[in-house]
Asks: 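Below: one structure in structure tokens.
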Amino acid sequence: MVGVVTTSHDPDEVFIQLLTPDGERVDDETFAFAHDDATIAANLRHMILGRRFDTEATALQRKGQLGLWPPSLGQEAAQVGSGAAVRDLDEVFPSYREHAVALMRGVDPLDMLKTFRGTGMVDWDSRATRFHLYSFVIGTQALHATGYAMGLQRDGLVGNDDPDANGAVLVYFGDGATSQGDVNEALVFAASYQAPVVFFVQNNQWAISEPIDVQSRIPLYRRASGFGIPGLRVDGNDVLAVQAVTEWALDRARRGEGPTLIEAFTYRMGAHTTSDDPTKYRRREEEAAWRAKDPIERVRTHLLATGAIDQAWLDGVDAEAEALGVRIREGVGQLPEPRLEDFWALAYASLPPALRRQRDAYQAYEASFEDADAEGAR
Amino acid sequence: MVGVVTTSHDPDEVFIQLLTPDGERVDDETFAFAHDDATIAANLRHMILGRRFDTEATALQRKGQLGLWPPSLGQEAAQVGSGAAVRDLDEVFPSYREHAVALMRGVDPLDMLKTFRGTGMVDWDSRATRFHLYSFVIGTQALHATGYAMGLQRDGLVGNDDPDANGAVLVYFGDGATSQGDVNEALVFAASYQAPVVFFVQNNQWAISEPIDVQSRIPLYRRASGFGIPGLRVDGNDVLAVQAVTEWALDRARRGEGPTLIEAFTYRMGAHTTSDDPTKYRRREEEAAWRAKDPIERVRTHLLATGAIDQAWLDGVDAEAEALGVRIREGVGQLPEPRLEDFWALAYASLPPALRRQRDAYQAYEASFEDADAEGAR
Amino acid sequence: MTRSMTMAKALNAGLRRALEADPTVLLAGEDIGKLGGVFRITEHLQRDFGPERVVDSPLAESGIVGTALGLALRGYRPIVEIQFDGFVWPAFDQIVSQVSRMRFRSMGRLSAPLVIRIPYGGGIGAIEHHSESPEAYFAHTPGLVVVSPSTPLDAYWMIQQAVASDDPVIFLEPKRRYHEKGEVDLSEPPLAMDAARVVLQGTDATLLTYGPMVKTCVEAALAAQAEGRSLEVVDLRALSPLDDAAIRASVEKTGRAIVVHEAVRSGGLGAEIAARLQEECFYALEAPVLRVTAYDMPYPPSRVEKNYLPDLDRILDAVDRSLAH
Amino acid sequence: MTRSMTMAKALNAGLRRALEADPTVLLAGEDIGKLGGVFRITEHLQRDFGPERVVDSPLAESGIVGTALGLALRGYRPIVEIQFDGFVWPAFDQIVSQVSRMRFRSMGRLSAPLVIRIPYGGGIGAIEHHSESPEAYFAHTPGLVVVSPSTPLDAYWMIQQAVASDDPVIFLEPKRRYHEKGEVDLSEPPLAMDAARVVLQGTDATLLTYGPMVKTCVEAALAAQAEGRSLEVVDLRALSPLDDAAIRASVEKTGRAIVVHEAVRSGGLGAEIAARLQEECFYALEAPVLRVTAYDMPYPPSRVEKNYLPDLDRILDAVDRSLAH
Ligand SMILES: Cc1ncc(C[n+]2csc(CCOP(=O)(O)OP(=O)(O)O)c2C)c(N)n1
Ligand SMILES: Cc1ncc(C[n+]2csc(CCOP(=O)(O)OP(=O)(O)O)c2C)c(N)n1
Ligand SMILES: [Mg+2]
Ligand SMILES: [Mg+2]
């Protein structure tokens, strides 16, 4: 018999950590960080750039340059650590908040801003970047990722002796998403087909205003066991632990050993989106407590302490971040304004008759104004 | 870390049994059968009547009297044992195969046949019987049951000191249904609200032609733990164990301690429905092996051995079953033929204008034939 | 007693009154508690009625609607909020196969008196899935009542009427009008929710519309007036079942009809209305029933929505085309 | 090469050919493997192509369609089977919000070339959820191609054309015609799947129909012939996008149109066709476009379905009414 589990969401049982909030390296029984300081420094750089991108975008929204922005503030370690585990043949299916991963995959930040400025749909090349489109329907991408992973199996890209010939899928969603039927069906399918997919839950403890307890009374990593797949909980603010755990899970998937669910325990330090007002539903003390666990600070402290980086290195990254900021601030206003004409041809592979008539009528109608203007001008 | 579970579906770990296939009473560490022989005999009677009803209905379908029938053959212990645990304030939400439970709840067998004859929709009084309508969309009723249970909580019918003032909900679904988003969402909601609902999975090992392994690689009762609720597996062909376990779970729910998932491990001895042909997908040996575990035989053997019943008692029940058979066979042909007129008023509380016009036109149109007939007759 | 308020406040007041009037009424949905919903329609209701009657649900729409149906079967009258139009689809099976049919399936013994509130429509500069107009999908589903208020007054009363309805109601709230003010008479409902209303009398042509487009049509009619054209504007209010009598009466008077909605044209509500009108008022129609709608493509990025959605000019253009017949 | 076969066999043969022709084609669905599907449309395909290409899926429609979309993104061309019309709703969100929009959302970079096969329609004496006609819900969704064959010949070719389509196709199979035979020319497709076909030439009125009702309409037209009436029967084949040119050509010739379908009337495909016709052929229409359809209620018990669904007599009655104008 499996009894009622009354564990709270506080990390008390499984909680993989390799770097404490104070920047101290600690050991985990099972998971080790397999890389050198250069990798950690590279991660720190991605986290700093990711945060800068996010801060700039948030500011741009405040200035009316974007319609909306979902900040990733506080989730940099979860994103960069997992993103760092991705290899060439892997594919990433994001939710809508994985801005830091997007940058790592080579998505142009201005392309990302188009979506939130409303000048484009989701305007990046997901094939080239292997970073799929943002999904705004909660949880839906878990199924697409699982299907894609089933495709990798069929393509013979799983379980080969040569590890470089193998790929896997990494899919992101939030704590709230775990309640959706689609996410649970994805676990069913992934388990049934032993698909090479890693479900990466960023448990930032809030789904807009709903605390995680509304979704689940037990830690989310335990959901996995009910579907017969391994579940792991990692300190989501510890980029080392996140990378180690994600590498383990992706490797497993690539080897053909099936799916894993990772719960990265982290915190949404900002609002849900720029339209949100967290003061309505959560206490400042909670936010302050989590600020003390900042994912960037601990890495910086650690690397400075070990001497792996110095102030000059940090200044260099800051300069890079500033250049990114300039590029974004200058670029956003120059993003081309879309015209309805750009979209007629995107609904179908070829324009259907009724839509063609609608387009023709629209063009004639628009032209009538131009004619009128022209006449007025004469 | 929760490792991959490779347990097969054979009962090897949790498997509560109180009566072996040979009719021997055995003890379980945790669960005891709290009733006397009279209760067992009553269960046997329900099982025999349930089987007779099912056999008659299957035969009626073969004779063209019903459009379709989903046989319950082999699942009598799972159904009667759980049905016997239901008390006055409880509510039952069936799937479409719980014929034996329906009879126990007082549903008129002829009312049930209407649905499958196509002369009515689902034509029984679910309020009076506390046995909800059959649901044909797999898994959907799990959510209705959970909502109903939330209603019981609000009505103050849960967790009272007086056990007779408490109620709970028992909802049935199949092994296949566990893959549906709705069923998993029901587990989320039930766990989140600690709703007084018992999820009773009749794992008859087949979803039409799909063996249980397509849905899950681990025993289904384990699904519960991923949602933080207790899961139990019981010998679904052992009516004593099923009753004991369901009573435990319903009691728990009534006391306000939340939901439970029960996996009753049983076997669909017949076809999925009368339209199905199991020879296409499963071996006769498997069927034969399960025939040896017949849920009725073992109780009969046991009660005869203890002397609780004798042949006269069995003859009495057989006579009752025969009377039921006669009633069904005679009644089915007399079920009134429906007319479209009976249905106009059922779509909405009051007839909408467009539908009224459609009805008027239909009536005028039908009348035109009568007129024509009348004229022809003159 | 009349008060000026926004539609958002009117809905809040209507929900409050429904909660006060009937202890079986309860609210459920995502973020409707402390946050008061992303549009603040349920603001302070959890504070005032408690978390048992104003319930933050897990993030799963099928679960929200499916459990609401269970509550309805237990005798409750749940009002659920779907956060945005584009997130109703995960609940579609529950709505179409369960909620809409409980009465029919049970041969009239059961009913499913629940209200599904959906902020809908575009024009708010949102990202994908936040500007949709799903009404035709529901209107094609027997057993559902589909209504949409266009003013604070209607919002206040219609939400209460929806709660009182014994049929399940899809309650479509034109989110772009949430913050526009109007006079609300709190003493007595002006009209049942199944009735259309002539908002503006006219003689030359009828604009048939609902929800967010009512205001736009009224503006168009006023603009047309300046050019000497007399347009009648009918606010359908009830999208299914339709108030055919009111629609016919107006179109038989003017001889011309233009349906205006934000949903895509093909298979939209305009199709059904046009089909009925040409069938029932064939000889009264001086011109074909025209449709001013979104184009048959998914909702585009917000920076082009003004070109995608009907506006005053496109409506007047259609009036011209109608009158040219 | 022409062979006589049932629609069920024709579909099976078409799927077989699609599997042979393109290694990226795969089939997924409930019970499609050993059982060959509850209608045996995929019979022996798993035996012959293996369980990797003919996959028994877990029992979850959203999962089936959602993973198929993922496979399509990986370069596969999945054909999924929904077991019965009434079980497509759990997958509705995936179809409406994901499958239909991948191309649009990705600004044309991605496509979702998958086929969703759905046996649909009534007349087979089934219980609830097994006789539905969901086409209008899909036809109102931009980005989806919706087609329905009416003969074995069309079934054989259209399923292959659907697989070859770069847009997602909702492939509606008129299950009550599965076991009717027809001649199938295996050498060359007679027509693209986006084109309507004039099945019977006529001059007095046009019957516009599709799927299961084509045969019924042809029978009605033949019966009308005996009374000296010349009816044209048009098989739409493509339900969305519609082949407007073919529809118009016929109706402009006859001046009268009657749409026949099994789906409920309000908001059905007949509404869109009537709306378009009255808009585009206003002066050519001698009578209103009439609709012969199911009535606006859920599908009733099978013993009354014959009264609920259109039949020869009701079609002829509508023809009479049309001609009386
Ligand atoms: C199906 C669906 N329902 C509702 C929403 C509205 N919504 C957007 S984000 C969100 C909360 C998501 O929470 P979580 O999954 O924890 O992700 P997070 O935003 O915290 O990253 C909600 C309810 C949606 N986008 N999709
Ligand atoms: C949503 C949905 N999908 C598909 C079906 C078709 N169908 C009817 S019964 C069945 C198998 C159900 O298996 P299980 O849940 O194990 O219950 P059992 O029939 O074995 O009692 C299927 C696929 C359905 N009724 N509903
Ligand atoms: Mg979250
Ligand atoms: Mg089963």
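Lettering follows sequence order; numbering is per chain, from 1. Keep in mind that the numbers below use all heavy atoms, side chains included, and drop hydrogens, waters and symmetry copies.
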Asks: When heavy-atom pairs shorter than 4.5 Å are enumerated against chain C, which of A/Leu355, A/Asp182, A/Val183, A/Leu346 gives the highest number?
Replies: A/Leu355
Asks: At a heavy-atom separation under 4.5 Å, does C/Asp31 approach chain A through its side chain, its backbone, both, or neither?
Replies: both
Asks: Strictly by salt bridge (Lys or Arg N to Asp or Glu O under 4.0 Å), give each pair with a member in residues 296-308 of chain C just once, sequence neighbours left out.
Replies: A/Glu337-C/Arg303
Asks: Going by the ring pair (Phe, Tyr, Trp, His ring centres under 6.0 Å) test, which pairs reach into residues 306-325 of chain C, not counting sequence neighbours?
Replies: C/Tyr299-C/Tyr308, C/His325-D/Phe282, C/His325-D/Tyr283
Asks: Heavy-atom pairs under 4.5 Å with chain A - which of C/Asp313, C/Asp317, C/Ile124 has more of them than the others?
Replies: C/Asp313
Asks: According to the interplanar angle, ranging from 0 to 90°, do the rings of C/Phe87 and C/His129 count as parallel (below 30°), tilted (30 to 60°) or perpendicular (above 60°)?
Replies: tilted
Asks: Need one label for C/Ile127: side chain, backbone, both or neither, based on atoms under 4.5 Å from any heavy atom in chain A.
Replies: side chain
Asks: Is C/Arg40 close to chain A through its backbone or its side chain, or both, or neither, when contacts mean heavy atoms under 4.5 Å?
Replies: side chain
Asks: Tell me, for A/Asp276 versus chain C, whether the close heavy atoms (under 4.5 Å) come from the side chain, the backbone, both or neither.
Replies: side chain
Asks: Give the ring-plane orientation class for A/Tyr362 versus A/Tyr365, where under 30° counts as parallel, over 60° as perpendicular and anything between as tilted.
Replies: tilted
Asks: Once the angle between the rings of C/Phe138 and C/Phe92 is folded into 0 to 90°, is it parallel (under 30°), tilted (30 to 60°) or perpendicular (over 60°)?
Replies: tilted
Asks: Without hydrogens or angle criteria, can the side chains of A/Glu286 and A/Tyr267 be said to hold a donor-acceptor pair below 3.5 Å?
Replies: yes
Asks: So which part of C/Gln46 gets closer than 4.5 Å to some heavy atom of chain A, the side chain, the backbone, both or neither?
Replies: neither
Asks: Below 4.5 Å, heavy-atom pairs only: which of C/Gly125, C/Ser57, C/Gly33 has the largest tally toward chain A?
Replies: C/Ser57
Asks: About how many Å separate CG of A/Leu335 and CZ of A/Arg117, when rounded to the nearest 0.5 Å?
Replies: 6.0 Å
Asks: Which bit of A/Ile208 is near chain C, if near means a heavy-atom gap under 4.5 Å: side chain, backbone, both or neither?
Replies: both
Asks: Does any heavy atom of chain C fall under 4.5 Å from the side chain of A/Ala361, the backbone, both, or neither of them?
Replies: neither
Asks: Which word best sums up how the rings of A/Trp124 and A/Phe131 line up, parallel for under 30°, tilted for 30 to 60°, or perpendicular for over 60°?
Replies: tilted
Asks: Could you tell me which portion of C/Arg314 (side chain, backbone, both or neither) has an atom closer than 4.5 angstrom to a non-hydrogen atom of chain A?
Replies: both
